[in-house]
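See below for the structure under consideration.
What you see is a predicted model; the values in this text were computed from it and never measured.
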Amino acid sequence: MTWIFQGHEYTVFNRNPLRETNIEIRFHPILSITDNREKLSKFQDLMREDFPVFEEGSVRTVSVDEIQNGTVQVDDKKVFSFSKKDKSQKVSLTDRSILISTKDHLDRNQVTIALTQAQIFFEGVYGNFDLQRIGVRYINVINLSEISEFLGEKVHWKDLVDESYVSQPRQLEDICNTATRTEVRSDVKDGIGQLYLQYGLNLSQHSEHSDEFIIDLDRYTENVDGADIYATSMEFIQDIYCLFVDMAGPKLVEWMKR
């Protein structure tokens, strides 16, 4: 099975349900990122005009190595983060990745400008790197009650999300107090890499009803020989946008336009 995306001209809406957008570039480890404070200081000097807030921390990952008889591996990584003053966007750096996270996302230019800037500054300080993976992830949270209140009318899930994504067993009278989760991972037709889609109803913390619908799209590739990071990221963003538009119901589009 492969994903086939319908073409849609890109539109910047007045609002959208995006909770977070991530672009991650992974490469083989560069030890000077964590070991050379002089280079880190130089990178910060380049970044701090637009990303003045600096934080240093660590993240722990735990994995099971199936080849080594289920051996548990624990990896602690240093993380250096450079954020905007309003915390709307952050560039995180480890010895093997650059991650650009955006929370107040209205226009893809917000993401691609930060990506280009971080890449240019990074290569200026640390040199070229051996690319391993390019990934773009968009996490959408559609809130039924908020949109109903904003539009001033009763809205149903089929008005917000294409019915094929919110269908349920016929034995269910309705989907109140119901949580669902579906995962689909497949190759992309006429494109490189894969798309991993997770979607479903989420029970809100403030209600026993299914007030939220999650659309989590992860477009990525590990086939990166000769890849142009900017061009590949733009292709992935457009694929995600086209699939989202296909999923969006008429009332969601109306809410985004107003």
With sequence neighbours left out, write down each residue that passes side-chain contact (heavy atoms from CB on, under 4.5 Å) with [X], or none if nothing qualifies.
| X | result |
| --- | --- |
| Asn128 | Glu123 |
| Glu183 | Arg181, Tyr196, Gln198 |
| Ser58 | none |
| Ser145 | Asn143, Asp211 |

Connected-component partners of [X] among ILVMFWY, side-chain separation under 4.5 Å:
| X | value |
| --- | --- |
| Val53 | none |
| Leu99 | none |
| Val141 | Ile214 |

List the steps, then state whether side-chain hydrogen bond (donor to acceptor under 3.5 Å, both in side chains) holds for Gln6 with Asp246. CA-CA 8 Å; Gln6 303 298 319; Asp246 285 340; 5.6 Å; no

After noting the C-alpha distance and the side-chain angles of Lys77 and Asp95, does the key distance pass the salt bridge (charged side-chain N to carboxylate O under 4.0 Å, His left out) rule? CA-CA 8 Å; Lys77 297 179 185 177; Asp95 66 347; 5.7 Å; no

When rounded to the nearest 0.5 Å, the distance separating CG of Asp130 from CD1 of Ile30 is 9.0 Å

So OG1 of Thr112 and CE of Met234: to nearest 0.5 Å the spacing works out to 5.5 Å

| message | Apply salt bridge (charged side-chain N to carboxylate O under 4.0 Å, His left out) to residues Asp239 and Arg219 and explain how you reach the verdict. | response | CA-CA 8 Å; Asp239 289 345; Arg219 182 77 169 87; 3.0 Å; yes

With sequence neighbours left out, the residues meeting side chain to side chain donor-acceptor pair (under 3.5 Å) with Thr94 are Ser97

The side chain to side chain donor-acceptor pair (under 3.5 Å) partners of Lys251 (sequence neighbours excluded) come to Glu153, Glu254

Would you say the side chain of [Y] lies within less than 4.5 Å of the side chain of [X], judging by non-hydrogen atoms?
| X | Y | value |
| --- | --- | --- |
| Lys39 | Tyr126 | yes |
| Arg19 | Asn140 | no |
| Ser148 | Lys154 | no |
| Ile100 | Gln89 | yes |
| Thr21 | Ile139 | no |

Sorted by chain and number, sequence neighbours left out, salt bridge (Lys or Arg N to Asp or Glu O under 4.0 Å) with Arg96 holds for none

Q. Using the benzene-type ring in the case of Trp, are the ring centres of Phe43 and Phe54 under 6.0 Å apart?
A. no

Would the Phe129 and Phe122 ring centres measure less than 6.0 Å apart?
yes

[X] side chain vs [Y] backbone, donor-acceptor pair below 3.5 Å:
| X | Y | answer |
| --- | --- | --- |
| Asp218 | Tyr138 | no |
| Trp3 | Leu195 | yes |
| Glu212 | Gly200 | no |

Margin query: So that I can tick it off, tell me whether Glu56 and Arg37 are bridged by a salt bridge, with the cut-off set at under 4.0 angstrom between side-chain N and carboxylate O.
Written below: yes

Donor-acceptor side-chain pairing of Ser101 and Asn22 below 3.5 angstrom: yes

Using a cut-off of 6.0 Å, state whether more than 12 heavy atoms not belonging to Lys42 lie near its atom NZ. no

Test side-chain hydrogen bond (donor to acceptor under 3.5 Å, both in side chains) on Thr102 and Gln110; report intermediate values, then the result. CA-CA 8 Å; Thr102 308; Gln110 294 171 258; over 6 Å; no

Checking Trp157, Tyr199, Phe244 against Tyr165 for ring pair (Phe, Tyr, Trp, His ring centres under 6.0 Å), the one that qualifies is Tyr199

Residues pairing under side-chain hydrogen bond (donor to acceptor under 3.5 Å, both in side chains) where one sits in residues 220-231, two or more places apart or in two chains, turn out to be Arg185-Tyr220

For residues 6-26, the ring pair (Phe, Tyr, Trp, His ring centres under 6.0 Å) pairs (sequence neighbours left out) are Tyr10-Tyr241

